[in-house]
Amino acid sequence: MEFKRKLKIRLYVAISYIILGVAMIAASLILKISNNFISSFGFALFMIGIVRTRSYRLITKNEETIRKQMIAETDERNVAIAHKAKSLSFMIYLFLVSVTVIVLELLNKIELAIILAGTVAFLVLLYWICYFIIRKRS
């Protein structure tokens, strides 16, 4: 039952992607924002939401597909691979953005460098907060 709840929450998140994407597209059209980034990002969120919603709808139609998905997600090997991939992605992102901050500083793009450095600092802070919360619960 808990896994079905997890799938339902994922479905709601996917639907929220659709809503957020439509809102971003509508905002860029209504406010006549000349920057195409907002509408493009909104469209990408919308499409991701559509694909994810369809995927979760297909999974939840049949008890057998729910069981197969649960086995795939709870298999120790798959869980270990997912954790390693997340950890590696996190470290690569931090490294690349840190190098980008240095390059931006050298190019005298101080404001952008500060914003990116702030995102790195925020991500590291968020990591430590999550780490201590999870450690206390375990």
Side-chain angles (χ1 to χ4, degrees):
M1 189 62 167
E2 182 181 325
F3 188 72
K4 285 184 180 181
R5 184 171 178 255
K6 183 189 257 187
L7 288 175
K8 191 174 273 192
I9 289 170
R10 290 179 187 170
L11 176 64
Y12 293 147
V13 169
I15 292 170
S16 70
Y17 287 165
I18 294 169
I19 294 168
L20 187 58
V22 169
M24 291 177 80
I25 293 168
S28 69
L29 293 174
I30 292 170
L31 299 175
K32 295 182 183 359
I33 298 173
S34 61
N35 184 348
N36 287 337
F37 174 76
I38 293 175
S39 59
S40 300
F41 190 66
F43 182 73
L45 279 176
F46 175 77
M47 292 307 295
I48 290 169
I50 293 290
V51 170
R52 302 284 294 194
T53 300
R54 184 177 181 277
S55 171
Y56 289 121
R57 291 268 187 209
L58 290 174
I59 290 170
T60 57
K61 275 187 175 181
N62 181 335
E63 286 295 322
E64 181 63 21
T65 56
I66 292 172
R67 189 182 69 76
K68 285 181 181 178
Q69 186 70 25
M70 185 175 74
I71 290 170
E73 287 188 24
T74 57
D75 177 59
E76 288 181 28
R77 181 175 178 272
N78 290 341
V79 170
I81 290 170
H83 285 297
K84 285 181 182 179
K86 288 176 188 176
S87 177
L88 185 59
S89 299
F90 178 77
M91 296 314 253
I92 291 171
Y93 174 79
L94 289 180
F95 177 77
L96 291 176
V97 172
S98 298
V99 168
T100 303
V101 167
I102 294 168
V103 170
L104 288 171
E105 285 281 340
L106 293 174
L107 295 174
N108 208 23
K109 306 245 182 206
I110 307 299
E111 289 179 21
L112 192 53
I114 289 171
I115 291 170
L116 285 178
T119 64
V120 168
F122 175 74
L123 191 57
V124 170
L125 176 67
L126 186 62
Y127 168 81
W128 281 108
I129 290 170
C130 292
Y131 175 82
F132 287 117
I133 290 171
I134 291 170
R135 192 175 89 184
K136 273 195 170 187
R137 288 186 180 175
S138 297

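Counting from 1, the numbers follow the sequence of the chain as shown. Not measured: the values here are computed from a predicted model.
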| field | Non-hydrogen atoms of Val97 and Leu116 that approach each other most closely | value | CG1-O, 3.8 Å

| query | How far apart are the closest heavy atoms of Leu58 and Thr65, and which atoms are they? | reply | O-OG1, 3.8 Å

| query | Between Arg67 and Glu64, is there a salt bridge with N-O shorter than 4.0 Å? | reply | yes

| query | More than 12 heavy atoms of other residues, nucleotides or ligands under 6.0 Å from CZ of Phe95: is that the case? | reply | no

| task | Apply the test side chain to side chain contact (heavy atoms under 4.5 Å, CB included) to residues Thr119 and Leu123: give CA-CA distance (whole Å), side-chain angles for both, the deciding distance (0.1 Å), then the verdict. | result | CA-CA 6 Å; Thr119 64; Leu123 191 57; over 6 Å; no

| request: Please answer: with hydrophobic residues joined when any side-chain heavy atoms are less than 4.5 Å apart, are Ile134 and Phe90 in the same cluster? | output: no

| Is it the case that one hydrophobic cluster holds both Ile19 and Tyr56, taking links as side-chain heavy atoms less than 4.5 Å apart, direct or via other members? | yes

| query | Is there a donor-acceptor contact under 3.5 Å from the side chain of Ser55 to the main chain of Val51? | reply | no

| query | For the atom pair CD1 (Ile48) and CZ (Phe43), what is the distance rounded to the nearest 0.5 Å? | reply | 10.5 Å

| said: Grouping I, L, V, M, F, W and Y whenever their side-chain heavy atoms are under 4.5 Å apart, do Trp128 and Leu94 come out in a common cluster? | reply: yes

| request: Could you check whether the rings of Phe41 and Phe37 sit parallel, tilted or perpendicular, using 30° and 60° as the cut-offs? | output: parallel

| field | Considering all heavy atoms, the nearest Met24-Leu45 contact | value | SD-CD1, 3.8 Å

| query | Are Met70 and Glu2 close enough, and set up right, to give a side chain to side chain contact (heavy atoms under 4.5 Å, CB included), and what steps lead you there? | reply | CA-CA 10 Å; Met70 185 175 74; Glu2 182 181 325; over 6 Å; no

| query | Can you check whether Ile25's main-chain N or O pairs, donor with acceptor, with Ser28's side chain at less than 3.5 Å? | reply | yes

| said: How about OH on Tyr17, more than 12 heavy atoms from neighbouring residues, nucleotides or ligands closer than 6.0 Å, or not? | reply: no

| task | Taking Ser87 for its side chain and Lys84 for its backbone only, find out whether a donor-acceptor pair lies under 3.5 Å. | result | no

| query | Do you reckon Leu112 sits in the same ILVMFWY cluster as Tyr93, going by side-chain contacts under 4.5 Å, direct or chained? | reply | yes

| What about Leu125 and Val101, same hydrophobic cluster or not, with Ile/Leu/Val/Met/Phe/Trp/Tyr joined at side-chain heavy-atom distances under 4.5 Å? | no

| task | Take Leu11 and Arg57, measure what side chain to side chain contact (heavy atoms under 4.5 Å, CB included) needs, and give me the verdict at the end. | result | CA-CA 8 Å; Leu11 176 64; Arg57 291 268 187 209; 4.2 Å; yes

| Atom pair OG1/CD1 of Thr53 and Ile15 - distance to nearest 0.5 Å | 5.0 Å

| remark: Nearest heavy-atom approach of Glu73 to Val79 is O-CG2, 3.2 Å

| Closest approach of Ala113 and Glu105, non-hydrogen atoms and distance? | CB-OE2, 3.6 Å

| field | Heavy-atom pair of closest approach, residues Phe3 and Ile66 | value | CE2-O, 3.6 Å

| So does Arg52 have more than 12 non-hydrogen atoms from other groups sitting under 6.0 Å from CZ? | no

| query | How many angstroms lie between OG1 in Thr100 and NZ in Lys109, if you round to the nearest 0.5 Å? | reply | 13.5 Å

| request: Mark yes when over 12 heavy atoms from residues, nucleotides or ligands other than Phe122 sit less than 6.0 Å from its CZ; otherwise mark no. | output: no

